[in-house]
Protein chains: 2
Amino acid sequence: MAPKTRPTYSVIAKTAGVSEATVSRVLNQDESVHPDRAKRVLEAVEKLGYKKNRVASALASGRTGLIAVVIDDDLSVFADPFYGTVTSGVSRVLMENGLQTVLMVSPVGSLEGSVAHYLESGEVDGAIFFALHSDVLVNKLKKQGLPLVITGTPHSTSDVAFVDTDNFGGAYTATKHLISQGCKKVAIITGDIGTTAAKQRLDGYLQVYRETGHVPAKGLICEGDYSFETGKALTEKLLATHPDVDGIFACNDLMAMGAITVLQDRGISVPEQVRVIGFDDSMIAQTSRPALSSIRQDVVALGEAAGSLMIAQLNGEDFEPVILPTELVLRGSA
Amino acid sequence: MAPKTRPTYSVIAKTAGVSEATVSRVLNQDESVHPDRAKRVLEAVEKLGYKKNRVASALASGRTGLIAVVIDDDLSVFADPFYGTVTSGVSRVLMENGLQTVLMVSPVGSLEGSVAHYLESGEVDGAIFFALHSDVLVNKLKKQGLPLVITGTPHSTSDVAFVDTDNFGGAYTATKHLISQGCKKVAIITGDIGTTAAKQRLDGYLQVYRETGHVPAKGLICEGDYSFETGKALTEKLLATHPDVDGIFACNDLMAMGAITVLQDRGISVPEQVRVIGFDDSMIAQTSRPALSSIRQDVVALGEAAGSLMIAQLNGEDFEPVILPTELVLRGSA
DNA sequence: TAAGCCTGTGAAAGCGGTTTCTTAGGGCGT
DNA sequence: ACGCCCTAAGAAACCGCTTTCACAGGCTTA
């Protein structure tokens with residue numbers, strides 16, 4: 001239990017017979033130290049089982065080696081594997097660069113929340129945002145010079161680095177596919193319309209209609225929130241107003257499953273009578289029956305891209321927004 | 001971009017007309033400061049938009065306010081909502097106590113990996129482990145006096161705090177239920193048998209057999225790894241050796257779904273011919289058709305319990321291992 | 001051979017808080 | 001009134017590492 005006091009530079013320096021400055025140089029791969037001295041230091045480090053105190057190091061250097069991953073939502077969203085997966089991608093890239101990931105899941109809301117305080121307290125070298133509902137905090141932090149990456153497209157145009165999935169394209173492809181399969185009346189169940197991703201998916205859907213010269217009938221556009229229950233509820237409402245609907249594009253797999261559940265409960269067969277396409281190509285899409293056709297986004301790649309963008313910024317390199325392609329994965333439901 | 005230099009104690013002290021020591025006292029709720037002076041300090045803080053530098057604070061006080069959540073596996077496990085959910089529970093409790101969560105997902109393996117280095121570098125006040133495959137690092141850290149919590153039962157008996165789900169009881173209940181429904185030949189598809197949780201679930205299953213005086217036929221115990229694909233593969237193998245199996249207890253929902261998929265593909269109806277029960281009661285259990293009966297574990301509560309145990313340790317309070325109950329949720333599959 | 005340059009190294013000044021040690025008063029007892 | 005104890009608040013040491021600055025000594029150049 002005794003919090004054994006760990007050795008410090010002072011001890012290393014003494015055992016190696018050099019100054020603390022030299023110890024620091026060796027431990028930070030400063031090439032200018034004579035190999036012999038460096039060797040002595042390394043031996044002392046080895047012998048004493050020395051581990052650098054990162055906190056002290058951070059204070060002196062101004063670099064903490066921590067990057068915050070901020071998910072602007074309450075913790076329940078973590079039930080959706082999306083965030084876990086994307087975070088894992090981020091984490092991998094950061095680790096390769098000697099950085100650690102600090103996870104924060106909390107509604108960002110105001111400029112005064114605990115997230116805001118934390119990010120401004122100098123404890124992180126940068127922050128990566130997900131599911132951002134507002135840009136105010138981001139803009140403030142940006143002004144303070146904190147390296148930032150946004151996953152998803154920012155609401156306002158600014159010069160913040162961001163990476164996103166091609167939401168528009170994915171939605172376009174899904175909708176187009178439904179129509180090419182003969183669907184005459186395609187509905188959309190959107191995600192949380194407060195996010196840019198949901199808006200872009202809706203745009204992709206509308207674009208298809210636009211090209212056909214039609215306008216989707218009122219009621220075909222159902223505003224959802226990415227949850228299973230909402231998927232069910234909206235589908236029931238949809239069937240009430242448009243019993244002749246023959247295609248549904250749900251903006252995530254969970255809602256798509258909600259739709260399928262309701263359809264099957266009513267004896268409406270999928271895909272014979274109504275075709276359904278989801279978004280995410282999650283595990284659920286693969287395990288469901290019929291297996292769900294879905295727009296795949298490479299979630300790990302998304303996280304990795306976000307991580308890389310952060311690294312680039314920290315190195316002062318140039319960077320461009322990254323938009324990752326999507327792919328339609330056809331299974332039984334459409 | 002200009003990394004605007006933030007105010008320090010020195011500035012606050014000057015504007016408030018007090019010493020830095022007093023500033024520190026006020027900002028750390030030391031009661032012994034005269035209300036008038038305290039007010040002056042607070043006003044200065046407010047006026048200057050001061051945010052405490054946590055790194056400096058950590059160095060001086062020896063407390064970083066960070067708790068590591070270590071998941072001993074590669075990042076792919078994050079596709080399983082379990083970890084995200086449990087982490088969110090941990091995070092909530094910690095935040096309420098002014099602590100932040102540092103997430104590390106990496107095979108812990110040796111004592112020399114980056115996780116080990118990080119935990120020994122003094123950057124965290126404590127660590128919470130998940131899916132631990134080995135106890136060596138834990139024991140080492142324990143010796144160094146780092147507060148630790150293990151989620152899941154430790155392999156070796158030691159005095160490390162842990163919280164766990166009643167795996168044994170859950171498995172027992174599931175198996176018992178299958179038999180009470182008339183199943184004569186119940187198979188189990190286990191999880192990664194390297195974890196104690198998987199072993200305990202297997203034990204619960206075996207206990208039911210033991211009580212009936214029988215021994216499960218060879219081949220009824222299928223060693224899995226929690227993945228959908230493995231669930232499918234093992235079920236096929238199972239059907240080959242035991243075509244008359246009439247009950248399957250899968251140690252997670254994903255594998256249960258794999259089993260159901262294979263069964264249905266062969267025209268074997270669930271639950272009429274084979275009853276299936278999963279474990280976790282995840283989203284998949286609710287969305288599948290037939291909906292999957294499953295053993296629910298309160299994952300968020302698990303995380304919260306782990307967080308609370310950590311807090312208790314940090315406060316030097318006593319603590320007991322926590323075992324959370326499970327519940328059988330009956331749906332269509334059994 | 002003297003002046004000018006590197007180069008490797010040590011001394012020391014931070015980084016921005018926390019905490020111990022000290023001291024100046026104020027209240028109280030006799 | 002005098003001495004003692006207690007309290008509020010400042011001075012300064014310190015946490016452990018980084019980084020600037022200065023310096024000695026060896027080399028080059030004229």
Side-chain angles (χ1 to χ4, degrees), chain A residues 3-42 44-45 48-66 98 117-118 120-125, chain B residues 3-42 44-45 48-66 98 117-118 120-125:
Chain A
K4 200 187 295 181
T5 74
R6 294 165 29 200
T8 66
Y9 270 18
S10 145
V11 185
I12 304 279
K14 236 163 252 160
T15 33
V18 300
S19 73
E20 297 187 22
T22 298
V23 174
S24 175
R25 292 192 182 102
V26 172
L27 264 38
N28 293 302
Q29 18 269 2
D30 185 323
E31 298 298 335
S32 69
V33 178
H34 189 97
D36 287 357
R37 298 177 94 77
K39 188 153 154 280
R40 295 227 303 280
V41 171
L42 262 11
V45 165
L48 298 169
Y50 174 79
K51 295 273 171 3
K52 176 143 70 183
N53 180 326
R54 293 206 191 208
V55 174
S57 167
L59 177 58
S61 69
R63 279 168 273 112
T64 63
L66 295 179
H117 278 283
Y118 186 73
E120 294 183 274
S121 75
E123 206 170 341
V124 295
D125 292 346
Chain B
K4 201 187 293 181
T5 75
R6 295 165 27 202
T8 67
Y9 270 19
S10 145
V11 185
I12 304 280
K14 234 161 254 162
T15 31
V18 301
S19 72
E20 297 188 23
T22 299
V23 175
S24 176
R25 292 194 181 100
V26 173
L27 264 38
N28 294 301
Q29 19 268 4
D30 185 323
E31 297 299 336
S32 69
V33 178
H34 189 96
D36 287 356
R37 300 179 91 76
K39 189 155 152 280
R40 294 226 304 279
V41 171
L42 261 11
V45 164
L48 297 168
Y50 173 78
K51 296 274 170 2
K52 177 142 70 181
N53 180 324
R54 294 207 190 207
V55 174
S57 167
L59 176 58
S61 69
R63 281 169 270 109
T64 63
L66 295 180
H117 278 282
Y118 185 73
E120 295 183 273
S121 74
E123 205 169 341
V124 296
D125 291 347

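Residue numbering restarts at 1 for every chain, and letters A, B, ... go by the order of the sequence lines. None of the values given here were measured: they were computed from a predicted structure.
Interface remark: the B:Arg37 side chain does not form any donor-acceptor pair with the D:dG10 base, using a distance-only criterion of under 3.5 Å. No N or O donor and acceptor, one from the side chain of B:Arg25 and one from the base of D:dT7, sit under 3.5 Å apart.
As judged by a 4.0 angstrom heavy-atom cut-off over every strand, B:Val55 is placed among residues making no nucleic acid contact. Within 4.0 Å (heavy atoms only), B:Val33 reaches sugar-phosphate atoms of the nucleic acid but no base atom.
By the 4.5 Å heavy-atom criterion applied to side chains, B:Leu27 and B:Tyr50 are counted as neighbours. Two residues are said to be in side-chain contact when any heavy atoms from C-beta on lie closer than 4.5 Å; A:Glu123 and A:Tyr118 meet this criterion. Put simply, the side chain of B:Leu42 reaches to within 4.5 Å of the side chain of B:Val26, judged on heavy atoms. Two residues are said to be in side-chain contact when any heavy atoms from C-beta on lie closer than 4.5 Å; B:Val45 and B:Val23 fail this criterion.
Between B:Ser19 and D:dG10 there is a side-chain polar atom (N or O) within less than 4.0 angstrom of OP1 or OP2. For C:dT18, the OP1/OP2 oxygens have a side-chain nitrogen or oxygen of B:Ser57 closer than 4.0 Å. At the phosphate of D:dC17, neither OP1 nor OP2 sits under 4.0 Å from any side-chain N or O atom of A:Ser61. Neither OP1 nor OP2 of D:dC15 sits under 4.0 Å from any side-chain N or O of A:Asn53. OP1 or OP2 of D:dT18 has at least one side-chain nitrogen or oxygen of A:Ser24 nearer than 4.0 Å.
Comparing B:Tyr9 and A:Ser32 by the nucleotide of DNA chain C that holds the closest heavy atom to each, the one mapping nearer the 5' end is A:Ser32.
Note: NZ (A:Lys51) to C1' (D:dG16) measures 16 Å, nearest angstrom. Taking atom CZ on A:Arg40 and atom C1' on C:dT9, their separation rounds to 12 Å, with Å as the unit. A straight line from CD1 of A:Ile12 to P of D:dT18 spans 12 Å, rounded to a whole angstrom. Distance A:Arg54 CZ to D:dT18 P: 12 Å, rounded to the nearest Å. Atom P of nucleotide D:dT7 and atom CG of B:Asp30 are separated by 13 Å, given to the nearest angstrom. Atom CG in A:Leu27 sits roughly 13 Å away from atom P in D:dT19 (whole-Å rounding). A:Glu20 places its CD atom 10 Å from the P atom of C:dA11, with the value rounded to the nearest Å. The NZ-P distance, from A:Lys14 to D:dC17, rounds to 13 Å in whole Å.
Taking CG of B:Leu59 as the start and CG of A:Leu59 as the end, the distance is 5.5 Å to the nearest 0.5 Å.
In the set D:dT18, D:dC15, C:dT9, the nucleotide with an atom closest to the side chain of A:His34 is C:dT9. Among D:dA12, D:dC17, D:dC15, the nucleotide with an atom closest to any side-chain atom of B:Ala21 is D:dA12. Nearest to the side chain of B:Arg63, among D:dG16, C:dG10, C:dT19, sits C:dT19. Comparing atom distances between the A:Ala56 side chain and each of C:dT18, D:dC17, C:dG8 picks out D:dC17 as nearest.
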Decide side-chain contact (heavy atoms from CB on, under 4.5 Å) for A:Asn28 and A:Lys52; before the verdict, give the C-alpha distance in whole Å, the side-chain angles of both, and the deciding distance to 0.1 Å. CA-CA 11 Å; A:Asn28 293 302; A:Lys52 176 143 70 183; 3.0 Å; yes
